[in-house]
Structure formats: structure tokens, C-alpha cells
4 protein chains.
Amino acid sequence: MGSISNTNSLYINSPAEKTHAPGKTKIMAALRSLLEDKEFVSVTTAEIARTAGVTEALIYKYFHDKRDLLHQVLAEYLGVMIVRAEMDVRGIKGALHQLRKLIWSHVNMYADNRVFARILLIEVRNHPDYFHSDAYRMVKYYTNFLLALIEKGVEEGSIRNDIPTAAVRQTILGAIEHACLPALIFNHPILTDEVSDHICEMIFTGIVTRGD
Amino acid sequence: MGSISNTNSLYINSPAEKTHAPGKTKIMAALRSLLEDKEFVSVTTAEIARTAGVTEALIYKYFHDKRDLLHQVLAEYLGVMIVRAEMDVRGIKGALHQLRKLIWSHVNMYADNRVFARILLIEVRNHPDYFHSDAYRMVKYYTNFLLALIEKGVEEGSIRNDIPTAAVRQTILGAIEHACLPALIFNHPILTDEVSDHICEMIFTGIVTRGD
Amino acid sequence: MGSISNTNSLYINSPAEKTHAPGKTKIMAALRSLLEDKEFVSVTTAEIARTAGVTEALIYKYFHDKRDLLHQVLAEYLGVMIVRAEMDVRGIKGALHQLRKLIWSHVNMYADNRVFARILLIEVRNHPDYFHSDAYRMVKYYTNFLLALIEKGVEEGSIRNDIPTAAVRQTILGAIEHACLPALIFNHPILTDEVSDHICEMIFTGIVTRGD
Amino acid sequence: MGSISNTNSLYINSPAEKTHAPGKTKIMAALRSLLEDKEFVSVTTAEIARTAGVTEALIYKYFHDKRDLLHQVLAEYLGVMIVRAEMDVRGIKGALHQLRKLIWSHVNMYADNRVFARILLIEVRNHPDYFHSDAYRMVKYYTNFLLALIEKGVEEGSIRNDIPTAAVRQTILGAIEHACLPALIFNHPILTDEVSDHICEMIFTGIVTRGD
DNA sequence: AATGAATGAGAATTCATTCAT
DNA sequence: GATGAATGAATTCTCATTCAT
């Protein structure tokens, strides 16, 4: 598990920290904490308030409803993820190496922030509200960033141009999800290095132009 | 236990059908049907009753509580799965070929009965009641059957004897789950042939004694 | 506690026994048995049926409703009580000695049949249906019998004639109840000899004409 | 704890009044009021809410469950009883006279607050929760107070020392219950002076050291 | 910026009772 | 003489949400 990460703590880079009112911060922290042990549906607003040390009513001052709170928590994580992703690929030469790093970074984000991963991969997708949320917009921003990287690879000639870049992106994201979901559901650790190597091996051997 | 059944549809040959009171059958069918679209927790007893065309009270005549209903639905599926598994390996020569067939049969069961797969892989595991249920006993019966097959392979010399048979079993079951879960959660189809081939390739290349 | 009582078992004298259909008998026995441990309101018809080894529906073949069953059980006890009371005063000379015996017999009936006592003193009184029941008619028959005894005492000159006989009767019945109720509620034994002596002492010293 | 209170009405001096939220106060008052006419088991939460003029949900904001409400109502009464008891024995010389007063005060409390008496003597004892409640702790506090009084009598020489003080206490409490229960159940008035005189006569003639 | 008080809609579960066979 | 199947109405309790202060 060893490596980088002096950006390991979520909130060092979080712009949120400074802007939020203390109550809002406490509420979001409370939900994050509760989601470590239970699913969103079985977390009650009463519990959130109790954990946060505020009243239930305050939740509704800052959040439109319980799901909006979930979306804002997710958005906060996504903010960190995006900042990190953009940082992580800097100083790396070659789209393919950048992509490998991005995949590693992505898996690592899930490994270090299982609550985040669970929200993103399990909790929000059912509910239609999600697709109108800021969080969803951030996800799209992130996937566009990934797409841009793939396109750069194609332009560079390091990635095959006979597969639609969007399909490549979906395969990558699918592989990551696929690899992490059971671990998230059954509470096993995600071994970042192993998982991301595995994925890269499979994806790259498939999509990389065979230099021969 | 042996007889009938190499058919696809779960309920045509189900002995359950005749034995249950009509209300009980309708209630179980209603839950199965509702679980196609939503998770167990968000299915209400009122909905089950309405869907079944009976009153809520009747549910409690036949089932101890809502979870017991879930467990009985699961048990019914498991009954079919076990009968099928035992049938499917008959007439096949060699433990390895039997094992391949059993894996195929297992994946196929999930592919054809997604509700069953979701109950087994997602819904029941949290709750401690499950581990005291008949359903759980049937699962253990099934996994013992799988274990016996592996042990036969070891005796035959077709499966390596330097890996504990229990570990082999767990790897197989884990691989199947791992392969099916994302499809179940995101409502994608499970491609039985592809998935089971994939798993067998990975597992067999690892566990088969290299004859050379 | 020792004395008489080869009429201790309720059903030796019960005319009921022969007349009832087996199902009816079992249902009544079941209720009696259940009332040993819980109040009538918290005994369910399902429990009664289960205990009796019959179906709930059968209860409604023989009894108009749950309370009717209670009343019939009570009536059966009252039948025994009346038969016994009438027997017990025979062969005794003097209304006062008969009265003493009757009081003893009454308390003894409660002591030996606590379920009966509880039904009569606690369970039936609230509900208006009781006052239209056969059981209530039997109670009135019994209290008339007691009244007749008191009147005989007055005629004999052994009981004061300056107190209305009805008031005397009420005082006696009140004293018995008063003495037995706490024991019934808190599940202590009723010590027949002690209790009836106590009552007679109090009542008699009050109501008996002072021979001086 | 000492102050105020030689008044009859429970709630004039009750400290509870000011501290409780209006809804909580109304709910407790509603239960008290309903218990005048029916037993606890047949009082529904719907009724309580309707009587209180609040919603059922509010009950569960202030009370853990229906029984907790009962226990808190009881505790409030017990608070008054304790305050009163401690006041009532002040300024009285001699343990025996204090004891007589305490018995009177106890019976009077039952006579004036029949609902209280019924809760304490009838409603709570079955359920095990009671023995973990604050109310139970207060009862123990009260009975310890009574015990201390008896012990003082023994030290003074006015109460026999050859009977365990605990047994004396139990006899007193038993006699009070015994005397009040039928009145409570059958809705007759409790005549404080008469009942307490009666009890003291019986108890004292037994336990007092016969001077000469 | 935060709270205390209160709510309405609905959750699972219970229970006496009915009726066709 | 007895049953299996089913019900309707109620019961306790939960929970996200609102609003005046």
C-alpha cells in the first residue's frame, strides 16, 4: 500500500473546508462517518443530527433534503478526486503513462475513501435526483478529463484509433468498478497496486498499438 | 432428491407449487416480482400484499416476518439450484469436466434468475437471521457438494493436491460472485458462456496439474 | 392446607364433561390453562387454538366470540361451585355453622381454582356482556343461596335482624374478595383455613347476636 | 429536595411542570387521564395522542416507548410522594408517631391519586422493563426511607428488635396494598383515615414493644 | 447560525373473526 | 365435527420534514 499520499487526508485539498459553516461541516462529517457502517437508506436524519451534535432541523437549513446531503458529500469527495487526478498526471511523460497513473489514482481514491466509493458506485445511481446534481456534473467533468487523456493518447499514436475513445473510457471505468465493487460490498480491502496493475494489463494489452 | 428438471424456467417443475397454499404461492411470487425492480428494504409488506392480491395479514400467516419470506423465497430457488446442479454433473466423465459444468450451471442460474442472485449475493448477508435459516442450510449443502467434487478431482489426480480444497472452493465461488455482481447491480445481462469460460480459464490454469 | 376434598378435582363433578363435544372441551381446557399464566386480554385466539390442538375457526363454532368462551369457562366453574356449596352445607346444624362452612368452601374454591377466581374477580366485570351471560345468572343463583342461608339464620335467631340481610351478604362477599384478590394478583397462595377463619371472626363478631 | 408542598393537588408544586416541553406535559396528562377509566394495555397510543391533542409521533420523541411513558408518569407521582413523605414526618416526635404519619400519608397518596396507585400496584409489575426504570429506583429510595424510620424506632427502643426490620417494612407495605387494591380495582373510594388506622392498629399491636 | 417543538404519512406486525368446504 | 384459507381493522412505532423563534 506504500507510496505518495501526503494528499492522503481528504480535507487538506478540500476547498470546502474553509467555506462551510461549522454546522454544515459537522453534518457532512456525520454522514460520512455513518456511511462507514451502514447503507444510506438505513441512516436516519435523527442519527445524522445526533452524530453531528446538531438538531435535525439544521440539516434542512443547509441541504434541500436527505439525498441532497448525500450528493453534497459526494461532491466534496469528487472535488478532491478531481484536484488529485489533475495533479497526479502532471510531470508524467506520455499519455499511456499518465493513464496508468490516473487509473492507479482512481483505484487508490476508492481504496482510501471507501465511503466515497460506496456512495458513487452504489448509493446514488438509483435515484433520478442524482443526475441533476452538482455531483453528477463533477463526475462528468472527471470522465471528460479521462476522455481527453485517451484522445491525447490517440493523437500521440500510443493508443489505437480504431476503437471509439468513449468506448475505451467506458471499459476503463467499468473495469475499475468491476474490480472494486465486491470488495466494497463485502468489506474486503482494495489492494490498489494489485488491482490497478491488473486493470492496466488487461486494458493496455488490448488497446495499445502493438509496436512490432 | 433426484428427478426431473433440466428446464430453464424455475417454476415449471418446482414441487413447491403444488404443496403451498395458493396465498403463500402468490405472496412468494409477488416478492420475487417486486425484487426485479427494487431492493428488499424498499419493498413494503403493503406492496407485497397488493401485488399478490391478498391482505398484509396473510403474509404473517405463512411467514414469521418479512425477512422470513425473503429466506423462503431464497430457499425455493436454492432447491431448484441444487436439484439442477446434481443433475447437471451426471453423465459427465472426469471431475474437472464436471466442475466446469457446475460453474457454468451456477453462473447460468444467476443469469436466468437475477432475483435469486441478488437475494443471495446482496440482500441476505447483512442480517444475522439468515445464518439460522433453512436457506443458509441449503447453501451449505450446495457448497459441500462443490467441495466433494473438488475432492474427487484431487483423488483422481486431476486437481492439484497442494492447495486446500476449501480454498479452491472459495476461489471459485468468489470468482463467480465477482463476475456477476456488477451486472446484477447495474442491470446488465450476465453472459453465461463468456463468464463461465473466463472463470474456468483463470481457475483451471491455476489449479490443474500441468501434465507435461 | 389439609382437609376434605376428594372433590378437589374440578371435573369429577362437572356435568359439562360428558355433554361437550371433544373440540369444545379441548378449547375450554386450553383457555383455562392459558389463564394460569396470563390475563385474558393477552391470550390470543391463535394461542387458544394451538394449545387446544384445533383450528381457530372451531372456537367460533362453539362460542359466539372470545368473551363468550370466557363466560362459558366461568359458568362451568360456577356449576361446580354451586354443586359443592349445596353439598357442603348439608348435614350441618345451625345456619351460623353452615355459613362458616360456606365461607370456607368459597375461599377454598378460589384457593384451588385460581383461574376461576381470577376470571370472576378480575376478568369479567368490566365488560357489559358479562351481565347478560349464563355465568352471571349462576352467580346470582349462588348469591341467592347465600342470602337464603343468612335469612335462615335470622329466622333461627342466630343472626341479628337489625341489619338488612342483603347488606350482610355483601359484606361477606366483599370480605372474601378483599382477602383473596392480592394473593391472586401477585401470585401468592391463598391459605384457606387462615383466610376463612379471619373473615368469620371479623364478620361473626360483628353480626352475631351477642349471647350474654 | 426539601421544600414546599403540603398541598393536595399533585401538580401545583410539581417541578416537572416547568421543565417539560408542553407536548410532553400534555402527553403525560393524557395518559393519566385515560388511566382513570381503563387499563394501560387497552389504552392505545392513538388515544393518548388524540387526548393530548398531539400526534402519535410526538410520544416517541419524548418517550422510548409506551411503557416508558407509563414509567415516567409513575416517576413523576413518586417524586411528589417522596417529597411529601419526607415533609410529613418532620416535626413529629418519636419514630412510631412518624411511622403512623407515614402510613397515613402513603394511604392518602393512593386515595388522592388512584391512577398513581393503580400504576404502581397493578400496571408495572409484570413487565421486566420496570425494574430497570427510574421509577423503580425511586420506589427503592422510598422504601429505604421507610426502612430507616423503622430502624430508628428499633434504636429508640419503641419498635421490637426481634423482628428483622426488612420484614416489618414488607408487612407494612403489604398491608397497605392489601387494603387499597380492591378499592382500586372496583372503583370504590379509599377512606384514608379508616384504612390507615386499621393498618396501624394491626401492625403496631404486633410490633410495638409492650411497655410492662 | 441554530434550535425546540411538532407533524403526517406510512412502516411492520397482531388479532379476532368469517366462510366455503 | 372440523378445517384451511383468508381478512379488515387496529396497533405500536419510525422517519423525513417543517416552522416559529
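Small disclaimer: the values here were computed from a predicted structure and weren't measured. Residue numbers start from 1 in every chain, and the chains themselves are labelled A, B, ... in the order their sequence lines are given, proteins ahead of strands.
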Handout entry: Side-chain (Ser33(D)) to main-chain (Ala29(D)) donor-acceptor, under 3.5 angstrom
Key = no
Handout entry: Residues, nucleotides or ligands: over 12 heavy atoms within 6.0 Å of His127(B) NE2
Key = yes
Practice task
Fill in the dot-bracket string of DNA chain E, one character per base: . for unpaired, | for a pair to another strand, ( ) or [ ] for pairs within the strand, taking Watson-Crick or G-U pairs under 3.5 Å.
Solution key: .||||||||||||||||||||
Exercise for the section: Using atom types as modelled and distance alone, determine if a side-chain donor or acceptor of Asp65(A) lies under 3.5 Å from a backbone N or O of Asp68(A). Expected result: yes
Handout entry: DNA chain F: 5'-proximal contact among Gly53(C) and Arg67(A) (nearest heavy atom)
Key = Gly53(C)
Exercise for the section: Could you tell me which non-hydrogen atom of Leu69(C) sits nearest to which non-hydrogen atom of Ile48(C), and how far apart they are? Expected result: CD2-CD1, 3.9 Å
Practice task
Scan Val43(C) against the nucleic acid and name what it touches under 4.0 Å (heavy atoms): base, sugar-phosphate only, or nothing.
Solution key: sugar-phosphate
Practice task
Identify whether NZ of Lys or CZ of Arg in Lys66(A) sits under 6.0 Å from the centre of the six-membered ring of Tyr60(A) and within 45° of that ring's axis.
Solution key: no
Sort me out a list of protein N/O and nucleotides 18-21 of chain F N/O pairs below 3.5 Å, or just none if empty.
none

Practice task
Check whether any side-chain heavy atom of Ile185(C) sits under 4.5 Å from a side-chain heavy atom of Ile185(D), and report yes or no.
Solution key: yes
Exercise for the section: Assign the ring pair Tyr130(B) / His71(B) to parallel, tilted or perpendicular, where the plane angle (0 to 90°) is split at 30° and 60°. Expected result: tilted
Practice task
Output the single nucleotide from dT12(F), dA5(F), dA2(F) whose closest atom is nearest the side chain of Thr44(D).
Solution key: dT12(F)
Practice task
Please report, rounded to the nearest Å, how far the P atom of dG4(E) is from the CD1 atom of Ile59(A).
Solution key: 14 Å
Problem - Distance in angstrom units between Lys26(B) NZ and dA6(F) P, rounded - result: 6 Å
Exercise for the section: Would you kindly give the CD-to-P distance between Glu47(A) and dT14(F), to the nearest whole Å? Expected result: 12 Å
Handout entry: Nucleotide dT17(E), atom C1' - distance to CG of Leu69(C) in whole Å
Key = 14 Å
Problem - Beyond-backbone contact of Glu76(C) with Arg32(C), side-chain heavy atoms, under 4.5 angstrom - result: yes
Problem - Length of the line joining Leu70(D):CG and dT12(F):C1', which is rounded to integer Å - result: 15 Å
Problem - Side-chain touch Glu39(C)/Glu123(C), heavy atoms, less than 4.5 angstrom - result: yes
Problem - Integer-rounded Å distance: dA2(E) C1' and Phe63(A) CZ - result: 14 Å
Exercise for the section: Select base, sugar-phosphate, or nothing to describe what Tyr62(C) touches, counting heavy atoms under 4.0 Å on all strands. Expected result: sugar-phosphate
Exercise for the section: Using heavy atoms to find the nearest nucleotide of DNA chain E for Val54(A) and Lys66(C) separately, return the residue whose nucleotide is more 5′. Expected result: Val54(A)
Practice task
Let me know the distance between CZ of Arg50(B) and C1' of dA11(E), rounded to the nearest Å.
Solution key: 13 Å
Completion exercise
Between Thr55(B) and Asp65(D), the residue closer to the 5' end of DNA chain F by nearest nucleotide is Thr55(B)
Fill in the blank from the handout: Between Gly23(A) and Lys24(D), whichever has its closest DNA chain E nucleotide further toward 5' is Gly23(A)
Fill in the blank from the handout: In short, Arg125(C) meets Leu120(C) closest at the heavy-atom pair NE-O, 3.2 Å
Handout entry: Per Thr45(C) side chain, nearest of listed nucleotides dA5(E), dT12(F), dA16(E)
Key = dA16(E)
Practice task
Whole angstrom is fine here: how far is it from CD1 in Ile27(D) over to P in dT12(F)?
Solution key: 14 Å
